[in-house]
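Please find one structure pasted underneath; my questions will follow.
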Amino acid sequence: MTIRLHNTKTRTKEVFKPIDPSNVRMYVCGPTVYDRAHLGNARPVVVFDTLFRLLREVYGTGCVTYARNFTDVDDKINDRAAATGRTIRDITDETIGWYHADMDALGALRPTHEPRATDFIGQMIDMIGTLIERGHAYAAEGHVMFEVRSFAEYGALSGRSVDDMIAGARVEVAPFKRDPMDFVLWKPSDAVQPGWDSPWGRGRPGWHIECSAMSYELLGAAFDIHAGGIDLQFPHHENEIAQSCCSHPEAGFANIWLHNEMLMVEGRKMSKSLGNFFTVRDLLDKGVPGEVVRFVLLSTHYARPMDWTAEKAEQASATLRKWRALAEGVEPSAPDATFLSVLSDDLNTAGAIAELHRLAAAGDAAGLVASARILGLLLPDLGDWATVAGPDAEVSALIEALLEARTEARKARDFARADALRDGFAAAGVVVKDTATGAEWSLAPGFDAEKLKALV
RNA sequence: GGCGGGUUGGCGGAGAGGUUACGCAGCGGAUUGCAAAUCCGUGAAGACCGGUUCGAUUCCGGUACCCGCCUCCA
């Protein structure tokens, strides 16, 4: 199976060739843990979880290493700690717990490694020291700055030159910067801010250095895939490349860069700064199942913006219900070859879902389940929402009696009574299917036993 | 201002230089006392203007509009 991926760095679709097929390595930028994850945060998680699953399918379950970080040192966390009087560790531990619960609900596998920035401060300090030694960084007034002019390829990922950026840039002016685009590797902490001892005094790392240090520690100086939201392309990923390539010039850092487009709400990017976001937990609490959220997120190609709408969720829910009914009790076979080849073409999840429709229409339930699971759909653990708890004996007897009454009414050509029962079943949440061999029934979500009793 | 992405049928949303995407909704039919479910069939598209080509929605150029990044952000 050939996997092709659109590499942001080269702006072309490339055949994916792992450095080491027995250890395919992928790094995804994870959340800053100070609050619940919003739906926009969930998009890369689900998209790259799907890539993780595909890579495991192609190269072997044990042959893929996936690292996704937790940024647990950040001024937003400090602000929250100051505002609430809680400790930073307390806040970040709680937030990581929420994150795990919410992403688990979306069917995302836990990455192989989930490093916390605060566990790698020493490695960051080492890397900063190396950058200074090699002439790529300088200490000034308790800060350490990366000197962008020292790295000729700075701007290559995002297609900008340092001069272009400065032209119309809104950059932070600091007197100790040699160039306005220089960014911070280390900054001093005051008495209440979290800080660590370093050769440059007590301080804390800048945002970008953690990903360079942690990817190096966990995946090595060169690895296969680095992924994240398109909004991270600049400056975050550009700065990561500068740090990593200048620390380890013999290696190439990440071979392939993948960027997912943004999630939109009413035509605008969902973001915390715009305040137009809702959390994954909000949706789950409203009764939108995680599997449905996942289906909607995968129904648009990752490189295109997508709008979240309630209508999409309803359609996804109906489709998944149908598929789950078809697949009930079916043992998965091998994933469908066409499905895999479509998905392998730059992670075309929307096209892959179309293939699932084809399998379902062809009645290939075993192939449907096996294929859907590569997308993280139709997993055994995510299906509770689609099946209503089995009716108790009293309800079953009542439904059978009412069905019998409907049959009698029909025989007597009392269609008013028959229609009332028909409509009553629907209103109570009993789905009745009349087949050649008699009526079949099942309970829909929102089944209401009281409405059923009123029909007697 | 600089850089990047987009514009597909009623809605959502893919691929492919020439043949049905697909899903939902609609319409017609089968079935039904009427429905539901199911099955069969079916209409409908590619912002605008040029170019390349035997042929472009698909490639190239331009225009318009939309979105993102350039500041924390997935």
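If you're wondering where the values come from, they're calculated on a predicted model, not measured in any experiment. Each chain gets a letter, A, B and so on, in the order the sequences are listed, and its residues count up from 1.
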Protein and nucleotides 5-14 of chain B: nitrogen or oxygen contacts under 3.5 angstrom:
| from | atom 1 | to | atom 2 | distance (Å) |
| --- | --- | --- | --- | --- |
| B:G6 | O3' | A:R304 | NH2 | 2.6 |
| B:U7 | OP1 | A:R304 | NH2 | 2.4 |
| B:G12 | O3' | A:K312 | NZ | 3.3 |
| B:G13 | OP1 | A:T300 | OG1 | 3.4 |
| B:G13 | OP1 | A:K312 | NZ | 3.1 |
| B:A14 | OP1 | A:H301 | N | 2.6 |
| B:A14 | O2' | A:N348 | ND2 | 3.3 |

Can you say whether the rings of A:F146 and A:H136 are parallel (under 30°), tilted (30 to 60°) or perpendicular (over 60°)?
parallel
From B:G68, B:G33, B:A74, pick the nucleotide closest to the side chain of A:F415?
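The nucleotide sitting nearest to the side chain is B:G33.
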Kindly say whether, by distance alone, the side chain of A:D434 makes a donor-acceptor pair under 3.5 Å with the base of B:A35?
yes
Write down the distance between CH2 (A:W257) and P (B:C69), rounded to a whole number of angstrom.
18 Å
May I ask you to test the A:F16-A:S344 pair for a side-chain heavy-atom distance under 4.5 Å?
no
How close or far is atom C1' of B:C70 from atom CE of A:M181, stated in whole angstroms?
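Value for this atom pair: 8 Å.
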So if I take every side-chain heavy atom of A:P235 and compare against B:C70, B:A21, B:A74, which nucleotide ends up nearest?
B:C70
A:Y34 six-ring centre to A:K272 NZ/CZ under 6.0 Å and within 45° of normal:
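The answer is yes; both the distance and angle limits are met.
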Answer with base, sugar-phosphate or nothing: what part of the nucleic acid does A:R160 contact at a heavy-atom distance below 4.0 Å?
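Base contact.
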Side chain of A:T319 only, heavy atoms from C-beta on: which candidate in B:A35, B:A74, B:G23 is closest?
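The answer is B:G23, which lies nearest to the side chain.
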Minimum-distance nucleotide (side-chain atoms of A:H357 versus B:C67, B:C22, B:A37)
B:C22
Whole angstrom is fine here: how far is it from NE2 in A:H237 over to P in B:A74?
10 Å
Any idea how A:Y99 and A:F70 line up, ring-wise: parallel (<30°), tilted (30 to 60°), or perpendicular (>60°)?
perpendicular
Is the gap between the ring centers of A:Y66 and A:Y27 under 6.0 Å?
no
For the residue pair A:Y154 and A:F234, does the interplanar ring angle fall in the parallel (under 30°), tilted (30 to 60°) or perpendicular (over 60°) class?
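Rings of A:Y154 and A:F234: perpendicular, over 60°.
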Please report the distance, rounded to the nearest Å, between CG in A:L421 and C1' in B:A36.
14 Å
